[in-house]
Amino acid sequence: TVRSSFELSDSSFEHALSDCFDSDFSDGVIERVSCNACSNDCLDFSGSKVSVQNVLGENLGDKAISVGEKSTVKAHNIQVKNSTIGVASKDQSLLEVDEILIENCTYGFVSYQKKSEFGPASIQATNARVHATKSHFIEKGSELRLNGKTILGTEKNVYNALYPEG
């Protein structure tokens, strides 16, 4: 969706070759959605304000939830399994997530600045369980608040490390 208001519920995406759902500069609500065996993101938001509940992302080539370009996303009851990245916040965005399970992923939480016209990003996660190769990858200036503990970013060039081919 682009510059719209939306509601998406009781939906399933499988074997998508790009993002399963992409919202640019929109406001909306997403409930009871699953994404399986998709090449890129399950849910991708840019410049959007969205409420998300009850999402399952499995076997994803990239992220379950990606927020960017000053997005504000509140998510509840999220499960991410066998994927590259659990959730990511970038470019002055805020992702608030409560009750999230991340299992068998390369990265749990990722926060960074991708575009120079934006600033750092943040994630606030409560009731989070993370079983990933690396629980978080946070760029200097960005932050993660994980189950009440603040983790300030120390990494440099996170985007280039995650996507070396650009």
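Heavy-atom basis, side chains included; hydrogens, waters and symmetry copies ignored. One is the number of the first residue; the rest follow in order along the sequence.
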Inset, instruction - Evaluate the side chain to side chain contact (heavy atoms under 4.5 Å, CB included) criterion for residues L8 and V33: first the C-alpha distance (whole Å), next the side-chain angles of each, then the deciding distance (0.1 Å), finally the verdict. - result: CA-CA 8 Å; L8 174 68; V33 169; 4.0 Å; yes
Between [X] and [Y], does at least one N-O distance fall below 4.0 Å, as a salt bridge requires?
X: E139; Y: K156; value: no
X: R32; Y: D10; value: yes
X: D41; Y: K63; value: yes

Establish, from distance only, whether the side-chain atoms of [X] and [Y] form a donor-acceptor pair under 3.5 Å.
X: S23; Y: S48; value: yes
X: S66; Y: K90; value: yes
X: N160; Y: Y112; value: no

Legend entry - Ring-ring centroid check F6 F21, cutoff 6.0 Å: yes
Would a single hydrophobic cluster contain both [Y] and [X], if residues Ile, Leu, Val, Met, Phe, Trp and Tyr are joined by side-chain heavy-atom contacts under 4.5 Å?
X: V130; Y: I123; value: yes
X: F118; Y: V67; value: no
X: V55; Y: V80; value: yes
X: Y107; Y: V158; value: yes
X: V50; Y: V97; value: yes

Gap between atom [atom2] of [Y] and atom [atom1] of [X] - 0.5 Å precision:
X: S122; Y: E96; atom1: OG; atom2: CD; answer: 8.0 Å
X: K114; Y: Q92; atom1: NZ; atom2: CD; answer: 15.5 Å
X: I138; Y: S111; atom1: CD1; atom2: OG; answer: 5.0 Å
X: I151; Y: F137; atom1: CD1; atom2: CZ; answer: 14.0 Å
X: S46; Y: D22; atom1: OG; atom2: CG; answer: 6.0 Å
X: T72; Y: F45; atom1: OG1; atom2: CZ; answer: 11.5 Å

Inset, instruction - Could you give me the CA-CA distance, side-chain angles and deciding distance for D91 and Y159, then say whether side-chain hydrogen bond (donor to acceptor under 3.5 Å, both in side chains) is met? - result: CA-CA 11 Å; D91 296 333; Y159 177 75; over 6 Å; no
Inset, instruction - Inspect the surroundings of CD in E117 and state if more than 12 heavy atoms from other residues, nucleotides or ligands are less than 6.0 Å away. - result: yes
Legend entry - Side chain N82, main chain E58, donor-acceptor under 3.5 Å: no
Inset, instruction - May I ask you to decide if S93's main-chain N or O and S71's side chain share a donor-acceptor pair within less than 3.5 Å? - result: no
Inset, instruction - Kindly write out the residues that satisfy disulfide bond (SG atoms under 2.5 Å apart) with C42, not counting sequence neighbours, or none if the list is empty. - result: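 Scan of C42 (disulfide bond (SG atoms under 2.5 Å apart), adjacent residues dropped) gives C35.
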Inset, instruction - Please lay out, stage by stage, how T106 and T84 fare under the test side-chain hydrogen bond (donor to acceptor under 3.5 Å, both in side chains). - result: CA-CA 5 Å; T106 307; T84 304; 5.1 Å; no
Inset, instruction - Please report the closest heavy-atom contact between P120 and S142, naming both atoms and the distance. - result: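 Heavy atoms only, the tightest pair is CB-OG, 3.4 Å.
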Legend entry - Closest heavy-atom pair and its distance - S26, V2: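 So the two residues come closest at OG-C, 3.6 Å.
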Inset, instruction - May I have the step-by-step check of side-chain hydrogen bond (donor to acceptor under 3.5 Å, both in side chains) for D98 and T126, ending in yes or no? - result: CA-CA 5 Å; D98 179 48; T126 53; 2.7 Å; yes
Legend entry - Test log, rule side chain to side chain contact (heavy atoms under 4.5 Å, CB included), inputs L43 and V52: CA-CA 10 Å; L43 305 175; V52 176; 3.9 Å; yes
Legend entry - Any side-chain heavy-atom pair of K81 and N104 under 4.5 Å: no
Legend entry - Stepwise side chain to side chain contact (heavy atoms under 4.5 Å, CB included) test for N36 and E14: CA-CA 5 Å; N36 185 28; E14 292 194 23; 4.1 Å; yes
Legend entry - L162 vs V110, side chain to side chain contact (heavy atoms under 4.5 Å, CB included): CA-CA, chis, key distance, verdict: CA-CA 10 Å; L162 293 171; V110 175; 3.5 Å; yes
